[in-house]
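Below is one structure, written out as structure tokens, with a few remarks after it.
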Protein chains: 2
Amino acid sequence: MANIKEIARIAGVSVTTVSRVLNNHPYVKEDKRRAVLETVERLNYSRNINALHLLKGRTQIIGVILPMINHSYFGVMMEGIAQEALKSGYQLMVSQTSYQPEEEQRMLEMMRNKQIDGVIICSRSLPLEHLEAYNPYGPIVLCEEIGPRPMSSVFLNHYQCFQEGIRYLWNKGHSSIGYSISRMEGPSSSRRYEAYCDMHEELGIPVNPSWIYDHCLDIEDGVLLVRRMLEQADRPSALIVTSGQVAAGILLEAGRQGLRVPEDLALISFDNMPISEVLGITTMDNGIYTMGASAMSIADELIRGTTSSPMTKEIPFQLIERSTA
Amino acid sequence: MANIKEIARIAGVSVTTVSRVLNNHPYVKEDKRRAVLETVERLNYSRNINALHLLKGRTQIIGVILPMINHSYFGVMMEGIAQEALKSGYQLMVSQTSYQPEEEQRMLEMMRNKQIDGVIICSRSLPLEHLEAYNPYGPIVLCEEIGPRPMSSVFLNHYQCFQEGIRYLWNKGHSSIGYSISRMEGPSSSRRYEAYCDMHEELGIPVNPSWIYDHCLDIEDGVLLVRRMLEQADRPSALIVTSGQVAAGILLEAGRQGLRVPEDLALISFDNMPISEVLGITTMDNGIYTMGASAMSIADELIRGTTSSPMTKEIPFQLIERSTA
DNA sequence: CTGTTAGCGCCTTCAG
DNA sequence: CTGAAGGCGCTAACAG
């Protein structure tokens with residue numbers, strides 16, 4: 001309610017002095033400082049942050065674009081982002097896009113409007129060229145490999161990661177290998193598909209497209225995957241799946257249908273959730289928490305101007321052997 | 001970059017005219033309008049929203065306080081909030097608090113600072129009295145029953161809901177009934193505990209505190225619950241659990257341990273997630289999506305001043321019979 | 001050490 | 001139909 005002018009009037013000083021006290025500047029006589037503080041207290045004054053935003057041209061808010069928040073993959077990534085944001089003093093503005101381009105655009109526009117200082121894109125559907133147009137307005141950090149583009153990115157080498165998964169299964173004696181993904185169109189999915197094909201060529205085994213299961217995100221999708229699979233005449237003996245949740249769903253339904261894991265069906269999951277550890281699921285830890293944290297810290301550096309050119313960071317992955325493969 | 005003054009200068013009109021065009025006011029000659037629009041286009045102008053925020057004293061942003069985002073219960077609630085926010089033109093600022101009071105407070109302070117117009121509290125650890133102090137700064141909508149307090153709330157009758165669950169199990173022949181919760185201290189947990197005790201008294205069966213399983217949120221917790229339970233000499237024959245995820249975890253581990261559901265262990269879950277449907281889990285649909293949506297719409301009404309006094313809304317629940325109880 | 005003053009970018013009376 | 005001017009609340013030179 002009250003503003004700085006009123007505080008000044010009542011405390012019998014100038015607005016500058018009030019501002020100085022509020023911002024802990026030195027050179028304010030102790031009695032004036034106390035008078036100000038007391039008035040602030042008495043009037044229950046609180047400063048209007050919007051005035052600051054306008055004045056500074058910055059808001060200390062980062063926008064986060066992700067398709068869905070209610071999914072462990074992005075949930076964990078968010079956790080990493082949030083953790084780092086807290087450390088470096090940013091607020092987060094999250095937009096759950098469901099992959100709707102208009103929603104992604106809306107957040108980008110917020111950056112143009114100076115409502116947010118930068119954007120982290122966990123997953124997108126807008127084309128890269130389109131994003132680039134927003135480059136002048138603030139840093140854009142993508143969580144994917146984007147090649148030689150003038151934007152920052154934090155990424156996992158999906159190709160290598162997937163290759164290693166397949167090789168591991170092959171070494172365990174599997175030659176009928178399938179996998180699940182969350183959506184066919186995503187950039188990481190195509191990278192995986194390449195790895196899948198290349199590895200099969202290298203190992204001299206045929207690729208079977210009907211062993212690629214789309215739309216797998218959560219437990220229920222794992223359950224449904226098993227049901228789908230059991231209807232197939234020709235079935236894979238091993239699967240690489242999208243997440244610990246999906247793996248759990250598979251395990252659950254496999255149990256009900258009398259499929260033994262890993263004897264009848266081997267499983268590698270692609271993240272390292274608590275559930276994977278509890279259930280002993282062999283996992284490719286793809287460091288998504290780190291990915292989120294790195295994205296945020298890059299955004300911070302870019303905003304603070306420590307670095308001006310786009311930054312790139314590859315996140316390491318690691319296979320954790322447990323008992324499902 | 002460019003501001004309204006520059007547009008005015010270049011287009012050869014006054015700032016007022018520019019503002020009028022930008023806000024679709026009538027009474028602007030067509031040629032001036034066009035000149036402005038063209039300049040806006042050419043300079044790639046975009047207005048600074050912070051100036052508006054300052055001027056209007058409102059931001060069209062709602063703060064959402066929730067302990068964790070990466071959990072289906074709050075995920076679904078968020079979905080409801082987000083859906084409604086989109087409809088009424090609000091942005092959302094989410095704070096993942098992990099139940100840390102300082103984080104909750106931080107968001108409340110943002111309201112005081114005029115950074116957000118209102119707050120929706122999905123779950124909290126700050127005491128109600130404390131929240132009330134922020135009443136003058138904007139509407140606070142809680143997602144719980146708060147009794148006669150000057151704040152708005154959307155809630156489920158946990159007592160009745162739980163009672164009905166127990167009665168259902170009792171009618172199915174169970175007299176050893178346990179349940180899981182997410183955290184012992186929460187207000188809804190105490191309501192459930194009351195219902196649990198009262199029902200047991202009514203039915204003349206003894207209460208067994210060791211059948212109350214704390215910290216159950218996700219699949220892995222369901223798995224661990226079964227392991228914990230199997231170590232107990234005296235075991236419940238039926239469980240009411242926190243979520244579809246927990247139920248799935250129980251089902252999974254029960255299968256591995258040779259426990260049949262519902263013969264050896266009956267199950268009711270407390271929400272209605274996709275997983276519950278896919279797995280045929282008997283569920284108490286507690287309408288959390290609706291809860292989120294209602295909370296947002298109440299916040300909107302309060303902000304727009306349609307209503308000034310706090311509002312209260314009870315969300316209905318409904319038992320969905322499937323095959324686990 | 002302290003106060004005056006000029007904006008940050010925009011909208012909105014109030015006079016033409 | 002259009003423009004000048006004031007002000008939203010705050011900070012940061014710039015003078016004392």
Side-chain angles (χ1 to χ4, degrees), chain A residues 1-37 39-40 43-61 109-117 136-138, chain B residues 1-37 39-40 43-61 109-117 136-138:
Chain A
M1 213 92 263
N3 60 22
I4 203 176
K5 211 144 85 194
E6 193 175 351
I7 301 290
R9 190 173 52 76
I10 298 182
V13 299
S14 74
V15 289
T16 311
T17 304
V18 177
S19 174
R20 286 220 179 82
V21 173
L22 257 28
N23 295 288
N24 289 315
H25 279 278
Y27 307 135
V28 179
K29 262 224 190 94
E30 196 46 36
D31 56 335
K32 298 213 174 193
R33 153 166 280 121
R34 201 145 37 209
V36 169
L37 254 21
T39 317
V40 162
L43 298 201
N44 193 14
Y45 166 81
S46 169
R47 79 172 147 199
N48 184 327
I49 202 124
N50 296 314
L52 275 193
H53 289 343
L54 174 57
L55 195 62
K56 306 270 192 196
R58 303 233 258 98
T59 58
Q60 291 292 106
I61 302 175
E109 282 296 328
M110 286 176 58
M111 182 160 80
R112 203 160 154 243
N113 290 337
K114 301 200 155 294
Q115 182 159 193
I116 56 182
D117 295 345
Y137 309 115
Chain B
M1 211 93 262
N3 59 23
I4 203 176
K5 211 147 83 199
E6 194 174 349
I7 301 290
R9 190 173 51 74
I10 297 183
V13 299
S14 74
V15 289
T16 312
T17 302
V18 177
S19 174
R20 285 219 181 83
V21 173
L22 257 27
N23 295 288
N24 290 315
H25 279 277
Y27 308 136
V28 179
K29 264 225 189 93
E30 196 46 36
D31 56 335
K32 298 213 175 193
R33 154 165 279 120
R34 204 151 28 214
V36 169
L37 254 21
T39 318
V40 162
L43 297 201
N44 192 13
Y45 167 81
S46 169
R47 82 173 145 199
N48 184 327
I49 202 123
N50 295 315
L52 277 192
H53 289 343
L54 174 58
L55 196 61
K56 306 271 190 195
R58 302 232 260 98
T59 58
Q60 291 291 106
I61 302 175
E109 282 295 329
M110 285 175 59
M111 183 160 81
R112 204 160 152 241
N113 290 335
K114 302 200 155 292
Q115 183 159 191
I116 57 182
D117 295 345
Y137 310 114

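In what follows, every chain begins at residue 1, and chains take the letters A, B, ... in the order their sequences are listed. For the numbers below, each heavy atom of this structure counts, side chains included, while hydrogens, waters and symmetry mates do not.
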Checklist entry - Hey, which of A:L22, A:V40, A:V21, A:V15 is the one that makes side-chain contact (heavy atoms from CB on, under 4.5 Å) with A:I7? => result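 Output: one option passes, namely A:V40.
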Next on the checklist: Using the rule side-chain contact (heavy atoms from CB on, under 4.5 Å), only one of B:I4, B:L52, B:V18 pairs with B:R47; which is it?
Outcome noted: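 Answer to the side-chain contact (heavy atoms from CB on, under 4.5 Å) test with B:R47 among B:I4, B:L52, B:V18: B:L52.
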What is the distance, to the nearest angstrom, from the [atom1] atom on [X] to the [atom2] atom on [N]?
X	N	atom1	atom2	result
B:N50	D:dT11	CG	C1'	15 Å
B:N24	C:dC11	CG	P	12 Å
B:H53	C:dC11	NE2	C1'	15 Å
A:L22	D:dG9	CG	C1'	12 Å
B:K5	C:dG7	NZ	P	8 Å
A:E30	C:dC1	CD	C1'	13 Å
A:I49	D:dG9	CD1	P	15 Å
B:L55	D:dC10	CG	C1'	15 Å

Checklist entry - Given that B:L54 and B:T16 both sit by DNA chain C, which one's nearest nucleotide is further toward the 5' end? => result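 Checking each residue's closest nucleotide, the 5'-ward one belongs to B:L54.
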Item to check | Contact nearer the 5' end of DNA chain C, comparing B:R20 with B:L52 | outcome: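 Nearest-nucleotide comparison on DNA chain C picks B:L52.
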Using a heavy-atom cut-off of 4.0 Å across all strands, would you classify [X] as base, sugar-phosphate, or nothing?
X	result
B:T17	sugar-phosphate
A:N23	sugar-phosphate
A:V18	nothing
A:R47	sugar-phosphate

Checklist entry - Going through the distances and angles, do A:S14 and A:T17 end up as a side chain to side chain donor-acceptor pair (under 3.5 Å)? => result CA-CA 5 Å; A:S14 74; A:T17 304; 3.3 Å; yes
Next on the checklist: If you only use heavy atoms from C-beta on, which nucleotide in D:dA12, D:dG9, D:dT11 is closest to the side chain of A:S19?
Outcome noted: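 Of all the options, the side chain of A:S19 is nearest to D:dT11.
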Item to check | Given C:dC10, D:dT2, C:dT5, the nucleotide with the shortest approach to the side chain of A:V15 | outcome: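 My answer, after comparing the listed nucleotides, is C:dT5.
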Next on the checklist: If you assign B:A51 and B:P26 each to the DNA chain D nucleotide with the nearest heavy atom, which residue ends up on the more 5' nucleotide?
Outcome noted: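 First, find each residue's nearest nucleotide; the 5'-ward one identifies B:P26.
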Do the side-chain N or O atoms of [X] get closer than 4.0 angstrom to the phosphate oxygens (OP1, OP2) of [N]?
X	N	value
B:Y45	C:dC10	yes
B:K56	C:dT12	yes
A:N48	D:dG9	no
B:K32	D:dG3	yes

Checklist entry - Is there a donor-acceptor contact under 3.5 Å from the side chain of B:N113 to the main chain of A:I49? => result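 No, because the side chain of B:N113 does not come within donor-acceptor range (under 3.5 Å) of the backbone of A:I49.
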Checklist entry - For the side chain of B:N50 and the backbone of A:Q115, is there at least one donor-acceptor N/O pair under 3.5 Å apart? => result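 No: the side chain of B:N50 does not pair with the backbone of A:Q115.
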Next on the checklist: Less than 3.5 Å apart, any donor N or O on the side chain of A:Y137 or B:N44 sitting next to an acceptor on the other?
Outcome noted: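 There is such a pair (donor and acceptor under 3.5 Å, judged by atom type) between the side chains of A:Y137 and B:N44.
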